[in-house]
Amino acid sequence: MKLAKNLERLGTESAFKILAEAKKLEIEGKKIIHLGIGQPDFKTPEHIVEATKKALDDGHHGYVLSNGIVECRQAVCRKIKSLYNKDIDPERVIIMPGGKPVMYYAISLFGEPGAEIIYPDPGFPIYESMINYTGAKPVPINMLDTKDFSINPEKILSLINEKTRLLIINNPNNPTGAFTEKNKIDELAEGLKKFPHVAILSDEIYSRQIFDKKKMPTFFNYTNLYDRLIVLDGWSKAYSMTGWRLGWSVWPESLIENVNKFCINNHSCVNAAVQFGGISALDGSDDFIKMVLKEFTDRRKIIFEGLNSIKGIECSLPGGAFYAFPKVINTGMNGEEFAKKCLHEAGVAIVPGTAFGKKATDYVRFSFASSKDNISKALENIKKMLV
Ligand code: PLP
C-alpha cells in the first residue's frame, strides 16, 4: 500500500498512549493512580442522562441537521446570553461531535503550504499536529516565557505577519492550568484590530473551570471581532461528558457554509438523542458545575502544596482547568524520565511536558481530576520514589 505523504506530518495525543500503557500495567496486576488523562472523574448529572434516554424513547433515532438540531443551537445561544450577555444568532452555532473537530475544521479551513498559523506551545497537541498536516507553517507562542504561563499579548502580536491566517488561543490552558485575566485578553483583542486578515480560534473548553471566583474572559466580549472569530466550547469538561462526544462552536457567518460542508463530508450530524441531553445540561441548574469547582479547588490546594513540598519540584498555582504543570528538572530527571519513573516505580500515570510541545522538556502535567485520596497517595508515592 502506498500511503499519503501528509500522514507523515500528522501527530497524536500521547495522553491516550500513556493511558494504554497504564492499563497494561493494571492488567499485569499493578495498582496505578491515574493523573494522566484530562477528564473529570464525576458521572454526568442524572437529569442529562434522563433527557437523553427520553429522546431515544421518543424516537429521535434518525439523521438530523448537519449543524445541529435547532433546539440545541438555541440552547447554546441562551447559555451564551446568560453567561456573557451576548446575543448570538443560532445560525452561527454548529453542534459538533466534541470540541476536537472544531480544531480540525478550523485549521483545515486556513491551513495550506505558504500559510502560517500561530498556536500555544506547550499546548493541546492537536493544534500543532493539524497545522503540520495541512502543510501550513506552525508558529509557536512560547508559553514558558511567562512565569505563570499566562498569555503575553505583545509577544503574540509580534508573531503576526502577512502570511498569518489563524491565531489559536486557549484560556484557561491545557496543559499548564494557566488562566489569563481579562485585561490581557482586552489588550490582545485591541491589538488584533490592526490585523484584519487574521482569524481567531478561541478554545474556551475550560470556561466553566476557573478558580478564585474569576470570570471567564471570553472572546465573545469583542463584537468587533465576530466576523473572524471562532469559539470552541462544549459539554465535555463542564458537565463530565467527555465520552458523549458533544461540543459546540460559533463561527463567523461567512464560514458557516464551508464548515457545514466539512460536517456533511465527515460526520453527517451529531447523535440526535445526545443533543437533547446537551439541551438539558445547558438549560438545567449550574449546581453540578459549582460542586465540581469546589472539589477541584480543594484538590488544587493539595496538589499545589504537595508538589512544591517535594525537593526539586516547582509548581505555579493553576488558575483554571484541572492541571498542574510543575518543573521537575531539578530532581535530576527531565519530564519524560520523571513521568516514566512515576508510572513504573510510584504507580502514578502522568504526562511528560513534551507531549504538549518539544520545548517543555523540564515539565510534566498532572491532571487533578481524581479523588483527594488518590492525589495525596500519588504525592506520597512520588516523595518515596525520590528518596
Ligand atoms: N481543547 C482543549 C484545550 C482540550 O484540552 C480538549 C480535551 O482535552 C479539547 C479541546 C477537546 O475536547 P472534546 O473532548 O470535547 O473533544
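As the structure lists them, so they are numbered: ligands from 1, and atoms in each ligand from 1. Being a predicted model, the structure only gives us computed values, none of them experimental.
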(request) Determine, using the 4.5 Å side-chain heavy-atom cutoff (strictly less than), whether I210 and F219 are members of one ILVMFWY cluster. (result) yes

(message) Please determine whether residues I382 and I302 belong to a single hydrophobic cluster, defined as Ile, Leu, Val, Met, Phe, Trp and Tyr linked transitively by side-chain heavy-atom distances below 4.5 Å.
(response) yes

Looking only at protein heavy atoms, identify the closest one to [atom] and say how far it is in Å.
atom	answer
atom 10 (C) of ligand 1	M103 CE, 3.2 Å
atom 13 (P) of ligand 1	G99 N, 3.4 Å
atom 8 (O) of ligand 1	K237 NZ, 2.6 Å
atom 11 (C) of ligand 1	K100 N, 4.0 Å

(request) Determine whether the side chains of D233 and S207 contain a donor N or O and an acceptor N or O closer than 3.5 Å. (result) yes

(message) Checking side-chain polar atoms at under 3.5 Å, does N173 have a donor or acceptor matched by the opposite partner on Y206?
(response) no

(message) Name the residue from F368, F296, F179 that meets the ring-ring contact (aromatic ring centres under 6.0 Å, His included) definition with F322.
(response) F296

(message) Geometry only, no angles: is Y127 polar-contacting ligand 1 at N/O separations under 3.5 Å?
(response) no

(message) What verdict does the salt bridge (Lys or Arg N to Asp or Glu O under 4.0 Å) test give for K383 and E380, after you've listed the backbone C-alpha separation in whole Å, the side-chain angles of each residue and the deciding distance to 0.1 Å?
(response) CA-CA 5 Å; K383 250 183 201 168; E380 216 177 278; over 6 Å; no

(message) Just checking F149 against Y323, ring centres under 6.0 Å apart?
(response) no

(message) Is the contact between R245 and ligand 1 made by the side chain, the backbone, both, or neither, using heavy atoms and a 4.0 Å cut-off?
(response) side chain

(message) If we set the cut-off at 4.0 Å for heavy atoms, which region of Y206 has an atom near ligand 1: side chain, backbone, both, or neither?
(response) side chain

(message) Heavy-atom contact check, 4.0 Å cutoff: does T242 meet ligand 1?
(response) no

(message) Minimum distance, heavy atoms only, to atom 2 (C) of ligand 1: which one of N174, D203, L246, V102 is it?
(response) D203

Of all the atoms in ligand 1, which lie at a distance below 4.0 Å from a heavy atom belonging to [X]?
X	answer
N170	3 (C)
G98	15 (O), 16 (O)
S236	13 (P), 14 (O), 15 (O)

(request) Test the R300-F211 pair against the cation-pi criterion, namely NZ or CZ under 6.0 angstrom from the six-membered ring centroid and within 45° of the ring axis. (result) yes

